[in-house]
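Down below is the structure, laid out as structure tokens.
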Amino acid sequence: MMNRRQFLGLSATNALFAGLTGGACGAGADAAFDLDALARPDLLSILGADVVRSIGLRYRRLVPRENQVPALHGAILATRPWPSRVPWPVGPSIADMVHDDFAAGRTIVVQGWVLSVTEARQSALFSLLSA
């Protein structure tokens with residue numbers, strides 16, 4: 001068990017380390033998670049832009065707290081496993097996150113489609129950025 005002093009010390013060390021290494025390593029590790037990449041779900045090649053945009057619009061209505069780009073981007077990034085949030089390791093791909101969503105039962109039905117939450121959020125980003 002960690003006491004408050006250990007927690008604060010560890011938090012300060014992690015914040016300092018992240019600040020020092022973030023510029024050097026963070027861009028490569030998060031390249032797959034920039035807005036352009038996230039707003040291009042694999043569903044586009046299967047369903048087409050109009051259907052994905054429609055799914056995205058519907059998801060934004062169903063989940064109003066995720067109706068803006070920063071909220072969606074943050075929600076997707078927050079679902080990554082903890083180790084992949086550290087700047088140096090290579091984290092999961094978006095496809096891995098979709099797979100993990102299905103495996104964990106993190107799904108949502110939008111317009112009759114059973115989607116992973118990641119796919120639904122990506123579709124919502126697409127609907128906002130491709131309007």
Side-chain angles (χ1 to χ4, degrees):
M1 180 151 222
M2 185 181 298
N3 67 32
R4 182 180 167 95
R5 179 177 290 170
Q6 290 170 321
F7 175 77
L8 292 174
L10 183 60
S11 297
T13 302
N14 286 341
L16 176 63
F17 189 71
L20 293 174
T21 61
C25 301
D30 280 342
F33 295 100
D34 67 14
L35 283 177
D36 292 332
L38 289 178
R40 306 228 28 101
D42 288 343
L43 295 174
L44 279 171
S45 62
I46 300 165
L47 303 177
D50 291 339
V51 173
V52 171
R53 189 175 295 108
S54 177
I55 288 170
L57 288 168
R58 181 69 183 140
Y59 177 81
R60 290 174 26 223
R61 288 187 192 113
L62 290 170
V63 187
R65 70 183 174 279
E66 295 181 12
N67 193 24
Q68 296 187 10
V69 171
L72 286 162
H73 189 247
I76 293 170
L77 293 180
T79 61
R80 294 180 297 170
W82 183 84
S84 68
R85 296 181 199 180
V86 179
W88 58 88
V90 176
S93 68
I94 295 169
D96 290 338
M97 291 173 60
V98 168
H99 178 270
D100 291 348
D101 282 351
F102 279 110
R106 289 185 301 266
T107 60
I108 185 169
V109 177
V110 182
Q111 293 185 324
W113 296 96
V114 178
L115 305 171
S116 80
V117 173
T118 300
E119 289 174 314
R121 288 172 171 157
Q122 284 186 283
S123 299
L125 272 175
F126 179 78
S127 73
L128 284 166
L129 298 177
S130 69

Name each donor-acceptor pair under 3.5 Å that joins a side chain in residues 38-50 to protein atoms two or more places apart or in another chain, with its distance.
from: Ser45; atom 1: OG; to: Asp42; atom 2: O; distance (Å): 3.0
from: Asp50; atom 1: OD1; to: Arg53; atom 2: NH1; distance (Å): 3.3

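- With values rounded to the nearest 0.5 angstrom, Asp36 atom CG is found 12.0 Å from Phe126 atom CZ.
- The heavy-atom pair separating Leu115 from Phe102 by the smallest distance is C-CZ, 3.9 Å.
- Considering CG of Leu125 and CD of Gln68, their distance stands at 11.5 Å, rounded to 0.5 Å.
- The shortest side-chain heavy-atom distance between Val52 and Gln122 does not fall under the 4.5 Å cut-off.
- Once rounded to the nearest 0.5 Å, the distance linking OH of Tyr59 with CG of Leu72 reads 6.5 Å.
- In terms of heavy atoms, Leu62 sits closest to Val109 at CD1-O, 4.3 Å.
- Taking all atoms of both residues into account, the shortest heavy-atom contact from Ala71 to Arg65 is CB-O, 3.5 Å.
- Using a 4.5 Å cut-off between side-chain heavy atoms of Ile, Leu, Val, Met, Phe, Trp and Tyr, with links allowed through other members, Val110 and Leu57 fall into different hydrophobic clusters.
- Both Leu128 and Ile76 are assigned to one and the same hydrophobic cluster, defined by single-linkage of ILVMFWY side chains at heavy-atom distances under 4.5 Å.
- Taking both residues in full, the closest heavy atoms of Leu129 and Val69 are given as CD2-CG2, 3.8 Å, listed atom of the first, atom of the second, then distance.
- Distance alone, capped at 3.5 Å, places no donor-acceptor pair between the Asp100 side chain and the Met97 backbone.
- Under the 4.0 Å criterion applied to side-chain N and carboxylate O atoms, Glu66 and Arg121 are assigned as salt-bridge partners.
- Put simply, the side chain of Glu119 gets close to the backbone of Ser116: a donor and an acceptor are under 3.5 Å apart.
- Taking every heavy atom of both residues into account, Thr118 and Ile94 meet most closely at CG2-CG2, 4.3 Å.
- The minimum heavy-atom distance between Ser127 and Gly56, with the atom names listed, is OG-C, 3.6 Å.
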